[in-house]
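This report concerns only the one structure given below.
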Amino acid sequence: MMYSSRRKPVLYFKEERRNEIPRQPLPEKNWLSEFLSGKFTVYKLFGLCMVLGLVSLILLQLSCSGDMSYISSGAMAVARSSHQQQPCPPETQGAAAASVDDPSWGPHKLALIIPFRERFEELLVFVPFMHAFLNKKKIRHRIFVINQVDHYRFNRASLINVGYTESGNDTDYLAMHDVDLLPLNPALDYGFPEEGPFHVASPELHPLYHYKTYVGGILLLTKKHYNMCNGMSNRFWGWGREDDEFYRRLRKAGLQLFRPSGITTAYKTFRHIHDPAWRKRDQKRIASQKQEQFKVDPEGGLTNLLYQVDSRQEVTISGAPCTIVNTKLDCDQNLTPWCLMA
């Protein structure tokens with residue numbers, strides 16, 4: 001089998017003036033000094049507030065990112081454009097329309113799946129960055145932010161399953177993509193992984209994780225291949241281990257894993273924007289979770305995924321479009337009692 005040089009197989013599987021008085025001119029006063037002179041009344045305070053409000057509205061109209069709108073239950077906001085205007089960065093303008101008619105963009109379309117909860121400051125950076133990055137590479141794409149809004153612990157794997165299910169039929173492959181990992185090397189391949197799953201954030205490039213069986217961070221799969229794996233296990237509440245279990249699913253499905261070749265930027269290939277001091281990861285292991293976290297889940301995945309979409313909104317962040325899917329996961333506490341907040 002011939003392989004593209006960009007990818008290498010891994011392991012073994014597939015105012016007004018006052019009147020002047022002669023000789024004694026009064027000092028000139030502008031409208032503001034007139035307004036502020038004398039007794040400071042409620043009417044003057046109201047007028048001053050109106051002026052400040054008008055100035056704020058003018059500045060807002062001139063901004064490139066539009067207005068701010070809360071899109072979930074008071075926990076998260078995203079920048080939404082209320083009218084057509086020049087987006088930031090400028091290279092994103094008209095890219096979506098151009099991609100429809102330009103055959104150089106290719107026939108495939110990527111669903112960029114972002115499992116998400118309360119990482120708003122990172123999302124503001126990630127969405128416009130990735131939109132511009134993929135446009136420069138002529139990758140047709142849609143960005144899906146799967147926002148967990150229930151009261152259970154964070155479940156990255158289940159949110160990716162939701163992203164696969166909710167991404168629609170106009171996309172034919174997906175990227176399981178962390179919100180805190182930005183690709184810096186333009187040579188990184190985000191194209192259609194026809195030959196097999198393609199691990200963009202490979203161990204020799206990822207700034208933090210370097211073990212051979214690591215498949216987290218950024219992983220591309222066709223939707224067909226993801227379905228062959230029955231998605232990811234829903235048993236992993238809290239942070240970590242779901243990627244290791246998915247590695248075993250790839251092997252079981254007989255899929256060949258590929259990774260980048262010819263990338264010389266090593267651990268500077270990506271920028272990791274997560275600040276652990278600001279937002280700590282949920283690494284608690286509760287009750288039997290300590291023993292269960294290393295086991296393979298032979299039946300769970302897309303077939304036993306339980307969730308409901310609380311709301312779905314199309315928004316823009318600095319001119320970059322994305323779809324927010326506010327999601328409530330369900331938990332069978334008999335099977336995974338560790339889904340509850342500690």
Could you tell me whether the side chains of [X] and [Y] share a donor-acceptor contact shorter than 3.5 Å?
X	Y	result
Thr222	His225	yes
His131	His141	yes
Ser167	Arg142	no
Tyr307	Glu166	yes
Gln308	Asp310	no
Asn234	Asn161	yes
Tyr190	His177	yes
Lys138	Ser104	yes

Find the distance between NE2 (His210) and OH (Tyr267) and round it off to the nearest 0.5 Å. 4.0 Å
Atom CZ of Phe246 and atom NZ of Lys252: how far apart are they, to the nearest 0.5 Å? 13.0 Å
side-chain hydrogen bond (donor to acceptor under 3.5 Å, both in side chains) assessment of Asn185 paired with Thr265: CA-CA 7 Å; Asn185 192 325; Thr265 45; 3.0 Å; yes
Mind checking whether Tyr211 and Tyr214 have parallel, tilted or perpendicular rings, split at 30° and 60°? perpendicular
Is it true that Asp189 and Lys137 have a side-chain N and a carboxylate O under 4.0 angstrom from each other? no
